[in-house]
Amino acid sequence: MQSLSPLAALPGPLLERPPLTRRAKAAIVVQFLLNEGADVPLSSLPDDLQGELTQQLGRMRYVDRETLNTVIQEFSDELEAVGMSFPGDIAGALSALDGKISPRTAARLRKEAGVRQTGDPWERINKLGEERLAELVGGESTEIAAVMMSKIDTAKAAKVLARLPGDRARRISYAISMTGGVSPDAVDRIGISLAAQLDAEPQKAFEKKPDQRVGAILNYANSAKRDELLEGLEETDRDFAEAVRKAIFTFANIPERLKKVDVPKITRDVPAETLTAAIAAAKSEQDLAAVDYLLENMSKRMAGTLRDDAAGLSINAKKGEAAMNQVVSAIRDLVTTGEVELRDPDDDEE
C-alpha cells in the first residue's frame, strides 16, 4: 500500500491555505497565548466579541507551523507599531479617568452617554451604609430584598433588617429561604438594576446629612454656646434638634458612645497631662460621669496616678474645656482610622 504523507490526513482547507480572516487570526493568537500559559483577560471584551471568539475557536481544527509563525509575526509587528492606545469608548475613558475628574463631571458624562458604572454592582451595593441599604430595600419587593440580603455581608444584612419594621423584616427573612432556585443571571440583573438606580440619583452637594453637619460644627463650640443653639433649635424644630443631639459627640457623651474596651486606646494617644487637665476641669454631673467611666476602664495604676495628679490641680474653665476637646478629638481620629467604632446613642448594648 502506498504510504500517505501526514498532511494528507489533515482537512482539505489546510492544504489549500485559504486567506485567514481577522477573526481566525485572533483565535490563533489567543490559542497560542493560552498554550504558552499566559493569562488572557478575555472577560474585559464586550460580550458579543467574547461569543464570536469562542465560536471561532470551536470551528477551527489545525494550522501548520508556517501559518502560525506568520500570524504571530504579524501580530508582533502590529504591537510594535502601536505608539499609544486609548480606551476606545466613553466607558473605558471614564474608568481610566476615575479619581482624576470630579465625581459630578463623571456622573454627568455617564448619564449623557447612557453608560453605567463598571465593576461588580454587588460590590458597590455592599459598600453602602446600613441606612441607605434600608432605604433601598424599602423600595423593592420582598423577593428582590431577599436577594439583596443574601448578597451583602451577613453582619451588615442583620443591621439592615434591624432597621426595618418587624413584619417587613420577617417576610424578607422567610423569602431568603426561597432564593435557592434563583439563577446567577437573575442575581446579576438585579444587581445591575439596583446599581442603575444609584447612578440615576442626583448628585448631592454634601455627603453628610444636615443634622450630622450641624452636630460636627457644635462639637467644636464651647458648651454654653452649644446649649444655647440646641435650645433654639428645639423651639424651631424639635425632631431636627434631637437628631443633632445624637450627632454631637462631646466629652460628656463618652460613657454612652465609647465602648469600655476602647478606653485604653485613648490613654495611649492622649498625653497624661491632657487627661489630668480634663479630669481636674470636670465639674458638671455629665462630665464627672465621663471621668469616672474613663478611670474605671483603664489600668488601675494609671487611673490612680491621674486621679491623684488631678486632685491637686487648679485649672481654669477655658483650659479645661480645651483639654476635654483634645480627648474627644483623639477619639474622633481613632474613629476615622477605624480603630474605634462608636456606639449608637439608642443602642443599649455594650
Side-chain angles (χ1 to χ4, degrees), residues 129-131 159 162-163 207-299 302-303 306-307 310 315-350:
E130 299 155 20
E131 185 175 354
K159 293 179 180 179
R163 289 176 173 270
E207 260 186 54
K208 294 183 178 180
K209 296 190 296 183
D211 55 285
Q212 294 174 327
R213 297 200 301 274
V214 174
I217 293 170
L218 294 184
N219 277 333
Y220 291 95
N222 62 57
S223 55
K225 178 58 69 175
R226 184 166 53 241
D227 293 341
E228 178 188 341
L229 291 175
L230 285 172
E231 288 177 7
L233 284 175
E234 285 183 347
E235 294 176 3
T236 306
D237 189 333
R238 183 176 296 275
D239 291 339
F240 181 66
E242 182 60 27
V244 171
R245 286 188 183 278
K246 291 180 179 179
I248 289 175
F249 178 64
T250 64
F251 190 81
N253 299 122
I254 288 177
E256 63 180 10
R257 303 295 302 279
L258 184 66
K259 297 177 182 178
K260 294 179 180 179
V261 295
D262 290 329
V263 170
K265 298 175 184 177
I266 311 306
T267 62
R268 179 196 65 195
D269 287 9
V270 180
E273 57 270 22
T274 301
L275 281 171
T276 302
I279 292 170
K283 297 292 186 293
S284 69
E285 183 178 342
Q286 293 85 353
D287 289 343
L288 289 171
V291 167
D292 290 339
Y293 185 82
L294 291 173
L295 293 174
E296 289 169 2
N297 292 290
M298 65 177 67
S299 70
M302 175 172 282
L306 291 174
R307 200 186 295 272
I315 188 167
N316 62 45
K318 186 175 181 179
K319 289 185 178 180
E321 187 154 3
M324 291 181 183
N325 286 339
Q326 193 170 338
V327 173
V328 171
S329 180
I331 296 174
R332 291 199 202 98
D333 289 343
L334 290 171
V335 171
T336 301
T337 58
E339 291 187 61
V340 168
E341 182 179 357
L342 296 178
R343 295 201 306 259
D344 189 299
D346 296 326
D347 189 356
D348 294 330
E349 295 183 4
E350 171 54 44

A.B. asks: Give, for atom NZ of Lys225 and atom CD of Glu228, the distance between the pair rounded to the nearest 0.5 Å.
C.D. replies: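 Separation between the atoms: 4.0 Å.
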A.B. asks: Scan residues 317-331 for pairs that pass side chain to side chain donor-acceptor pair (under 3.5 Å), counting only residues two or more places apart or in two chains.
C.D. replies: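 Counting only pairs at least two positions apart or across chains, no side chain to side chain donor-acceptor pair (under 3.5 Å) contact touches residues 317-331.
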A.B. asks: If you draw a 6.0 Å radius around CZ in Arg238, do more than 12 non-hydrogen atoms from other residues or ligands fall strictly inside?
C.D. replies: no
A.B. asks: Please name the pair of heavy atoms, one in Met324 and one in Ala278, separated by the smallest distance, quoted to 0.1 Å.
C.D. replies: CE-O, 3.6 Å
A.B. asks: Apply side chain to side chain contact (heavy atoms under 4.5 Å, CB included) to the pair Val214 and Asp211, showing each step before the final yes or no.
C.D. replies: CA-CA 5 Å; Val214 174; Asp211 55 285; 5.9 Å; no
A.B. asks: To check you understand the geometry: which heavy-atom pair defines the closest contact between Ala247 and Gly215, and what is its length?
C.D. replies: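 Closest approach of Ala247 to Gly215: CB-CA, 4.2 Å.
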A.B. asks: What closest approach, in Å, do Thr250 and Val328 show between heavy atoms, and which atom pair accounts for it?
C.D. replies: C-CG2, 3.6 Å
A.B. asks: How close do Arg332 and Phe249 get, counting heavy atoms only, and between which atoms?
C.D. replies: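 Where Arg332 meets Phe249 most closely, the heavy atoms are NH2-O, 3.3 Å.
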A.B. asks: Looking at Val263 and Leu294, what are the two nearest heavy atoms and their distance?
C.D. replies: CG1-O, 3.5 Å
A.B. asks: Taking CD in Glu341 as the centre, count heavy atoms belonging to other residues, nucleotides or ligands within less than 6.0 Å. Is the count above 12?
C.D. replies: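 No, the 6.0 Å shell around CD holds no more than 12 heavy atoms from other groups.
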A.B. asks: Minimum heavy-atom separation for Ala277 and Ala323, please, with both atom names.
C.D. replies: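 Closest approach of Ala277 to Ala323: CB-CB, 3.7 Å.
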A.B. asks: Go through the steps for Lys259 and Asp262 under the test salt bridge (charged side-chain N to carboxylate O under 4.0 Å, His left out), then give the verdict.
C.D. replies: CA-CA 5 Å; Lys259 297 177 182 178; Asp262 290 329; 5.6 Å; no
A.B. asks: How many angstroms lie between atom CD1 of Ile254 and atom CD1 of Ile266, to the nearest 0.5 angstrom?
C.D. replies: 7.5 Å
A.B. asks: Which residues satisfy the side chain to side chain contact (heavy atoms under 4.5 Å, CB included) test with Asp269, sequence neighbours excluded?
C.D. replies: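 Counting only residues at least two positions away or on another chain, Asp269 forms a side chain to side chain contact (heavy atoms under 4.5 Å, CB included) with Leu334.
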A.B. asks: Return the CZ to CD1 distance between Phe251 and Ile331, rounded to the nearest 0.5 Å.
C.D. replies: 8.0 Å
A.B. asks: Which is it for Lys246 and Glu242 under the side chain to side chain contact (heavy atoms under 4.5 Å, CB included) test, yes or no, and what are the steps along the way?
C.D. replies: CA-CA 6 Å; Lys246 291 180 179 179; Glu242 182 60 27; 3.8 Å; yes
A.B. asks: Rounded to the nearest 0.5 Å, how far apart are CZ of Arg245 and CG of Leu230?
C.D. replies: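 Reported to 0.5 Å precision, the distance equals 4.5 Å.
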A.B. asks: May I have all residue pairs that pass side chain to side chain donor-acceptor pair (under 3.5 Å) and include part of residues 272-285, sequence neighbours excluded?
C.D. replies: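 Checked against side chain to side chain donor-acceptor pair (under 3.5 Å) - neighbours excluded - the pairs reaching residues 272-285 are Ser284-Asp287.
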A.B. asks: To the closest 0.5 Å, what do you measure between CG (Leu306) and CG (Leu275)?
C.D. replies: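 If I round to the nearest 0.5 Å, the distance is 5.5 Å.
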A.B. asks: Between Thr336 and Asp333, do the side chains contain an N or O donor and an N or O acceptor separated by less than 3.5 Å?
C.D. replies: no
A.B. asks: So, taking the atom named CD in Glu256 and the one named CZ in Arg343, what distance separates them when rounded to the nearest 0.5 Å?
C.D. replies: 8.0 Å
